[in-house]
Amino acid sequence: MVEVTLPDGSKIEIKKGKTVLDVAENIGPGLAKAAIAGRLNDDFVDLTCKIVDNCNLEIITLKSDDAFHILNHSAAHIMASAVVKIFPNARPTIGPAVDEGFYYDFAIDEPFSQEDLENIESQMKEFIEADTPFVREDISIKEAIEYYKLTEDNKFKVEILEEIDDSNSISFYSHNNGDFKDLCRGPHVPSTKRVTTVKLLSVSSAFWRGDAKRESLQRIYGIAFPTEKDLKKHLRMLEEAKKRDHRILGPQLDLFDTADEWGPGMPLIFPKGRVILETMRNFWEKEHKKAGYEIVQTPHIFKEIVWQTSGHTEYFIENMFPVDLRGELWYVKPMNCPGHMMIYNRRAYSYKELPVRIGEMGTVYRYELSGVLHGLFRIRSFTQDDAHIFMLPSQLEDEIVNVINMVNHFYKTFGFKEWEYFISTKPAKAIGTEEGWEHATNALINAMKRVDIPFKIKKGDGAFYGPKIDVDVKDAIGRKWQLSTIQVDFNLPERFDINYLGEDSQKHRPYVIHRVIYGATERFLAILVEHYEGKMPVWLSPIQVVVIPITDNHVNYAKKVVEEFSKAEIRAEADTSGERMEYKIRQATLNKIPYILNVGDKELESKTIAVRSRGNKVEFGVNIPDFINKILKEIENYQ
RNA sequence: GCCUCAAUAGCUCAGAUGGAAGAGCGGUUGACUCGUAAUCAACAGGUCAGGGGUUCAAUUCCCCUUUGGGGCUCCA
């Protein structure tokens with residue numbers, strides 16, 4: 001007999017050699033029916049997996065968080081079987097489950113068309129309906145290689161197999177009663193019908209092993225869900241994302257437009273977009289001055305020598321814009337750090353003066369590969385809300401705590417509800433001492449603990465020059481954006497010979513962190529547009545109030561009303577064009593202006609306004625000073 | 001950069017087996033002066049991305065360039 005510990009801590013005894021499914025049945029027939037896999041200690045296993053030792057076991061049903069991954073992996077296999085059936089010359093390569101579903105890469109001469117996708121999808125549905133079991137089979141690597149060489153003529157699988165050296169045997173999974181089998185670690189759902197619903201989403205190409213020098217493959221993306229309802233929800237989310245696309249909304253709301261013939265990756269920000277950026281900037285400066293930062297400004301280009309000192313010519317040159325100044329080489333800045341280092345170095349600092357915090361909204365230029373450019377999300381000219389903090393090693397933890405508090409304050413103010421912290425530790429290739437890394441990494445961890453915020457560790461994911469904290473922010477429809485990063489830097493202080501004078505009147509090296517909160521302000525703006533679907537809160541709205549006269553007789557009164565609002569520094573405009581009133585209301589609504597005010601005879605007489613707020617609620621006879629105060633209060637509260 | 005799909009009016013798009021370029025919205029002008037999400041009419045707008053080729057004839061077919069969309073190892 002062996003002892004099985006369940007997630008709730010309870011233990012049951014079963015006969016050695018019984019399967020995961022047996023345990024589920026033991027607990028209850030309902031659970032056995034719902035089960036699709038198990039987690040044995042830390043590993044995911046099939047229901048047919050035999051239990052031979054005392055262990056922890058969790059039964060995974062379609063409702064479990066981990067089910068999505070397993071389900072999608074099985075769906076990838078079913079897709080591969082459908083593709084091979086329809087295109088016998090297609091060679092499956094790899095097909096993992098990913099966060100957004102699954103994909104499978106095929107080597108095939110002709111690319112898949114939209115019509116092919118539909119055919120593949122209906123073939124998959126047939127296979128799912130047939131409800132054949134997934135069967136696991138362990139064979140030796142040698143045998144597997146023979147199989148792929150002789151039976152399937154698939155050099156890709158052979159290549160994968162030849163790289164596996166940690167075990168002698170390997171597992172295959174087959175379904176369709178053995179018609180299709182594929183090299184796979186598993187686990188899989190017990191039978192095809194458990195993959196309730198699938199949808200193929202797109203087809204694209206990808207390189208074998210992501211290497212541009214290797215074969216080009218055709219990749220099909222799809223997604224599987226436990227229920228029809230979940231799929232519908234997901235498709236709605238995709239629709240929703242499309243509606244919020246800042247590349248559409250930006251030009252539509254006259255905020256900005258992305259690159260075209262004037263230079264890919266070089267966005268033009270229009271007056272209204274600029275108002276939002278300015279509001280972001282004002283908030284930023286106010287908060288940073290409060291937090292003891294000194295605001296600076298550094299040039300857009302420096303001579304080559306600066307970038308040699310910083311190491312950029314060595315490590316970053318591919319991404320930099322060179323400037324040939326009649327034979328002398330300059331570079332446009334891809335980062336603000338060197339300028340800030342030089343500003344620190346303008347004089348000697350005493351240990352008593354640290355920390356020194358230097359901040360700048362600095363516009364940088366990076367030559368990104370043309371293929372990665374994407375709206376305002378990935379551009380070649382963008383503004384970082386950059387800051388560098390120079391401090392004693394003992395101050396690191398406090399400073400990190402300060403930055404984290406500021407990050408939280410910012411995201412809350414801009415209307416986000418959830419964000420997550422990640423700490424990245426020392427990578428394989430790194431500079432700096434072991435003690436330095438340990439001290440800095442611990443400071444990051446302790447800081448997170450002090451603010452009492454949960455965080456995850458990304459092992460070995462730090463930059464070569466120091467550990468870091470990243471923050472992922474979730475938007476209104478659940479998409480995640482990496483915004484803030486807080487990085488310790490052991491590199492630049494060395495390169496720029498950054499010092500402070502210690503109590504012993506000797507020179508010492510300070511710790512330096514760089515950090516951004518918005519990240520790139522243009523990207524943050526685009527995220528705000530998608531987050532709010534263009535409906536900016538009042539304090540961020542480029543136009544906060546539009547006044548619409550009922551007839552031409554009310555134009556003067558409309559102008560006077562606008563004046564009242566302008567005096568209170570509320571962004572107001574009157575629409576005095578010759579259009580009909582209804583038309584103007586429609587335009588203002590489509591422009592997502594928070595408050596639309598109508599003025600006619602009634603209002604003129606009583607010195608009031610009719611207020612239409614978002615959601616088409618109209619209130620008549622509103623007193624103007626009262627309404628101004630209401631808006632001012634909203635702006636003050638960042639609403 | 002590489003793979004793939006695409007490029008027609010300011011915007012969204014239609015179009016013809018290769019034979020005189022279309023709609024809606026937007027713009028301008030005129031009329032309407034209106035009470036809460038589109039008043040009516042007229043007019044202007046295009047080297048069909050650019051270059052080359054095939055053809056009696058190319059926006060349409062082929063090649064190149066430019067630009068844009070999607071994608072480019074979250075491990076069998």
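Residue numbers start from 1 in every chain, and the chains themselves are labelled A, B, ... in the order their sequence lines are given, proteins ahead of strands.
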Look at the side chain of [X] and decide which nucleotide, out of [options], has an atom nearest to it.
{"X": "A:Ala610", "options": "B:A37, B:U33, B:G35", "value": "B:G35"}
{"X": "A:Ile550", "options": "B:G35, B:G69, B:U33", "value": "B:G35"}
{"X": "A:Arg580", "options": "B:C34, B:A38, B:G70", "value": "B:C34"}
{"X": "A:His374", "options": "B:G70, B:U36, B:A76", "value": "B:G70"}
{"X": "A:Asn553", "options": "B:U36, B:U33, B:G71", "value": "B:U33"}
{"X": "A:Lys602", "options": "B:G35, B:U39, B:G70", "value": "B:G35"}
{"X": "A:Thr589", "options": "B:A37, B:U36, B:C34", "value": "B:A37"}
{"X": "A:Asn598", "options": "B:U39, B:G70, B:U36", "value": "B:U36"}

Between [X] and [Y], does at least one N-O distance fall below 4.0 Å, as a salt bridge requires?
{"X": "A:Glu368", "Y": "A:Arg366", "answer": "no"}
{"X": "A:Glu159", "Y": "A:Lys155", "answer": "no"}
{"X": "A:Asp470", "Y": "A:Lys468", "answer": "yes"}
{"X": "A:Lys480", "Y": "A:Asp472", "answer": "no"}
{"X": "A:Arg247", "Y": "A:Asp257", "answer": "no"}
{"X": "A:Lys456", "Y": "A:Glu420", "answer": "yes"}
{"X": "A:Glu418", "Y": "A:Lys474", "answer": "yes"}

Gap between atoms [atom1] and [atom2], on [X] and [N] respectively (whole Å):
{"X": "A:His554", "N": "B:U33", "atom1": "NE2", "atom2": "P", "value": "14 Å"}
{"X": "A:Glu318", "N": "B:C2", "atom1": "CD", "atom2": "P", "value": "14 Å"}
{"X": "A:Lys584", "N": "B:C34", "atom1": "NZ", "atom2": "P", "value": "13 Å"}
{"X": "A:Phe270", "N": "B:G10", "atom1": "CZ", "atom2": "C1'", "value": "12 Å"}
{"X": "A:Ile248", "N": "B:G68", "atom1": "CD1", "atom2": "P", "value": "15 Å"}
{"X": "A:Asp245", "N": "B:G70", "atom1": "CG", "atom2": "C1'", "value": "13 Å"}
{"X": "A:Ile585", "N": "B:C34", "atom1": "CD1", "atom2": "P", "value": "15 Å"}
{"X": "A:Arg614", "N": "B:U36", "atom1": "CZ", "atom2": "C1'", "value": "18 Å"}

Return no unless some side-chain N or O of [X] is found under 4.0 Å from OP1 or OP2 of [N].
{"X": "A:Tyr103", "N": "B:C72", "answer": "no"}
{"X": "A:Arg219", "N": "B:C72", "answer": "yes"}
{"X": "A:His69", "N": "B:C74", "answer": "no"}
{"X": "A:Arg612", "N": "B:A37", "answer": "yes"}
{"X": "A:Tyr583", "N": "B:G26", "answer": "yes"}
{"X": "A:Arg247", "N": "B:G70", "answer": "yes"}

request  = Say whether A:Asn319 and A:Tyr365, considering side chains only, have a donor N or O and an acceptor N or O under 3.5 Å apart.
outcome  =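 No, A:Tyr365 and A:Asn319 have no side-chain donor paired with an acceptor closer than 3.5 Å.
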task = Look at all strands and tell whether A:Glu368 reaches a base, only sugar-phosphate, or nothing, counting heavy atoms closer than 4.0 Å.
result =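 If one applies the 4.0 Å heavy-atom cut-off, A:Glu368 turns out to touch nothing in the nucleic acid.
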ask   = At under 4.0 Å between heavy atoms, what does A:Asp601 touch on the DNA or RNA strands: base, sugar-phosphate, or nothing?
value = base
In whole Å, measure the gap between the [atom1] atoms of [N] and [M] for me.
{"N": "B:U55", "M": "B:U59", "atom1": "C1'", "result": "15 Å"}
{"N": "B:C48", "M": "B:A6", "atom1": "C1'", "result": "14 Å"}
{"N": "B:A58", "M": "B:G53", "atom1": "P", "result": "11 Å"}
{"N": "B:G46", "M": "B:G22", "atom1": "C1'", "result": "11 Å"}
{"N": "B:G1", "M": "B:G18", "atom1": "C1'", "result": "37 Å"}
{"N": "B:U28", "M": "B:G71", "atom1": "C1'", "result": "44 Å"}
{"N": "B:A41", "M": "B:G68", "atom1": "P", "result": "40 Å"}
{"N": "B:U54", "M": "B:C64", "atom1": "C1'", "result": "15 Å"}

message = Would B:G26 be called syn or anti here, given the cut-off of 90° from 0?
response =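 Anti for B:G26; the angle lies over 90° from 0.
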key: A:Gly600 vs A:Leu373, nearer the 5' end of RNA chain B by closest nucleotide   =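 Mapping each residue to its closest nucleotide by heavy atoms, the 5'-most match is A:Gly600.
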inquiry  = Suppose we screen for side-chain hydrogen bond (donor to acceptor under 3.5 Å, both in side chains). Which residues come up paired with A:Glu137, at least two apart in sequence or across chains?
reply    = none
task = Check RNA chain B for consecutive Watson-Crick or G-U pairs with both distances under 3.5 Å and list the runs of at least three as stems.
result =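 Counting only runs of 3 or more consecutive pairs, the stems involving RNA chain B are B:1-7 with B:66-72, B:10-13 with B:22-25, B:27-31 with B:39-43, B:49-53 with B:61-65.
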ask   = Can a donor-acceptor pair under 3.5 Å be found between the side-chain atoms of A:Asp182 and the base atoms of B:A76?
value =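 Check fails, no donor-acceptor contact within cut-off.
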inquiry  = The test is ring pair (Phe, Tyr, Trp, His ring centres under 6.0 Å); show your working for A:Phe102 and A:Tyr221 and say whether it passes.
reply    = CA-CA 6 Å; A:Phe102 65 88; A:Tyr221 280 93; 8.9 Å; no
